[in-house]
Amino acid sequence: MQTLTFLLVSSVVALTIAGGFNRAAALGGNTNSVYSPCSDTRIQRSDGFTFGIAFSSRASFFLNQTVLLSPCDRRLTLAAMNSQLSVFRPKIDEISLLSINTSAFFPDNYGGYMVAFAGRKYAARSPPAFIANSTYTVTSFTLVMEFQKGRLQNLFWKRDGCASCKGNSNFVCLNKQDCAIRTPSCKGRGGTVDCSLGIQLAFSGTDKHLAVLNSWYEVENMKQYSLYGLYSNLKTSLTSQFNNFF
């Protein structure tokens, strides 16, 4: 893999609800010894799984402006563009909140888009997702990993159509799919709002033993895409912050 600059400001918090989301913990420990996001592996429930998120411009993730490649692919020139990289290792089939502290890292300074990825021969990558420019910043995302027989096949972003900020004038609905904050309202950009990135992660498909991964369906059945309220020990929701200010 090409050398990218690492962000040392990321974390993973797993959500456990009694009788619900933490079934994997009861099924044994980690059996996955692959820790590089650019290596291939097959997983089972309870394994850790390493993947990366690269931050750069949208165009930089495409070869000849047409073919979307994994950031592991040396044909991309992400390192030369001073792109940033964050690596995570969540547990399979646990709903997790991935967080990236943006008090000193401003995504718009690095192109304003991100791509989630893992694997080399069986490379999987998400479509580029807009995070920020000098006008707007999106802070809440949902990422779903789809596995087939334990092999990662797809990563895709799920949007709520701005349902989480409907009727709140402090947010802007971008492209009828993402709730955004005005960038000048963020800490470090002249404002007071914590604009750290929060990525809710869930899983679908089957592991290498054909056990079904259910965490995405559990999120979907709850009829909501943002579970920040359940991470009360981690951070207050951005909506609550704005309601306190205005």
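Worth saying up front: this structure is predicted, and the values here are computed from it rather than measured.
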Give a yes or no on whether the backbone of [Y] and the side-chain of [X] come within a donor-acceptor separation of less than 3.5 Å.
| X | Y | result |
| --- | --- | --- |
| Arg120 | Asp40 | no |
| Ser134 | Thr183 | no |
| Asn175 | Gln177 | no |
| Asn82 | Tyr110 | no |
| Thr139 | Ser196 | no |
| Arg45 | Asp207 | no |

If every non-hydrogen atom of [X] is compared with every non-hydrogen atom of [Y], which pair is closest and at what distance?
| X | Y | value |
| --- | --- | --- |
| Ser70 | Leu76 | O-CD1, 3.4 Å |
| Ser36 | Thr50 | C-CG2, 4.2 Å |
| Arg89 | Asn32 | NH2-O, 2.6 Å |
| Cys195 | Ile181 | SG-CD1, 4.2 Å |
| Lys208 | Gln44 | CE-OE1, 3.7 Å |
| Phe117 | Cys38 | CE1-SG, 4.1 Å |

Query raised in the report: Who pairs with Arg189 by salt bridge (Lys or Arg N to Asp or Glu O under 4.0 Å), at least two apart in sequence or on another chain?
Result: Asp108
Query raised in the report: Can you name the salt bridge (Lys or Arg N to Asp or Glu O under 4.0 Å) partners of Asp178, sequence neighbours left out?
Result: Arg159
Requested in this report: For Arg182 and Val172, run side chain to side chain contact (heavy atoms under 4.5 Å, CB included): C-alpha distance rounded to whole Å, both residues' side-chain angles, the deciding distance at 0.1 Å, then the answer.
Outcome: CA-CA 8 Å; Arg182 291 174 176 83; Val172 175; 3.5 Å; yes
Separation of [Y] [atom2] from [X] [atom1] (nearest 0.5 Å):
| X | Y | atom1 | atom2 | result |
| --- | --- | --- | --- | --- |
| Leu63 | Asp73 | CG | CG | 7.5 Å |
| Gln200 | Ser140 | CD | OG | 7.5 Å |
| Lys121 | Cys72 | NZ | SG | 15.5 Å |
| Asp47 | Thr31 | CG | OG1 | 3.0 Å |
| Thr137 | Leu174 | OG1 | CG | 9.5 Å |

Requested in this report: Please confirm whether Phe130 and Tyr113 have ring centers closer than 6.0 angstrom.
Outcome: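 Yes - the distance between ring centres of Phe130 and Tyr113 falls below the 6.0 Å cut-off.
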Quick one: does [X]'s side chain get under 4.5 Å of [Y]'s, heavy atoms only?
| X | Y | value |
| --- | --- | --- |
| Phe105 | Pro107 | yes |
| Lys187 | Val193 | no |
| Ile92 | Leu213 | yes |
| Met145 | Phe51 | yes |
| Ser56 | Phe61 | yes |
| Ile53 | Phe141 | no |
| Ser46 | Asp93 | no |

Would you say [X] and [Y] are hydrophobically clustered, going by side-chain heavy atoms of ILVMFWY under 4.5 Å?
| X | Y | result |
| --- | --- | --- |
| Val87 | Val34 | no |
| Met81 | Phe106 | no |
| Tyr35 | Leu201 | no |
| Val212 | Leu210 | no |
| Val115 | Phe62 | yes |

Query raised in the report: With a 2.5 Å cut-off on the SG atoms, do Cys165 and Cys179 make it?
Result: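 In this structure, Cys165 and Cys179 share a disulfide.
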[X] side chain to [Y] side chain, donor-acceptor N/O pair below 3.5 angstrom:
| X | Y | answer |
| --- | --- | --- |
| Asn64 | Thr66 | no |
| Ser126 | Trp157 | yes |
| Glu146 | Asn154 | yes |

Query raised in the report: Between Tyr122 and Arg151, is there a cation-pi geometry (under 6.0 Å to ring centre, at most 45° from the normal)?
Result: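 Judged by the rule (NZ or CZ under 6.0 Å from the ring centre, within 45° of its axis), Arg151 counts as positioned above Tyr122.
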Query raised in the report: Can you check ring pair (Phe, Tyr, Trp, His ring centres under 6.0 Å) on Phe203 and Phe49, steps first, answer last?
Result: CA-CA 11 Å; Phe203 299 84; Phe49 180 75; 7.7 Å; no
Requested in this report: Begin from the C-alpha positions of Phe88 and Ile100 and carry the test side chain to side chain contact (heavy atoms under 4.5 Å, CB included) through to its verdict.
Outcome: CA-CA 11 Å; Phe88 299 92; Ile100 299 173; 3.9 Å; yes
Requested in this report: Not counting sequence neighbours, which residues clear ring pair (Phe, Tyr, Trp, His ring centres under 6.0 Å) with Tyr136? List them please.
Outcome: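 Counting only residues at least two positions away or on another chain, Tyr136 forms no ring pair (Phe, Tyr, Trp, His ring centres under 6.0 Å).
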Report task. Using the side chain to side chain contact (heavy atoms under 4.5 Å, CB included) rule, take Thr102 and Leu197 through it: C-alpha gap first, then chi angles, then the decisive distance, then the call. Result -> CA-CA 7 Å; Thr102 57; Leu197 297 182; 4.1 Å; yes
Report task. Could you check Phe147 against Ile43 for side chain to side chain contact (heavy atoms under 4.5 Å, CB included), going step by step and ending with a plain yes or no? Result -> CA-CA 9 Å; Phe147 289 81; Ile43 55 82; 3.5 Å; yes
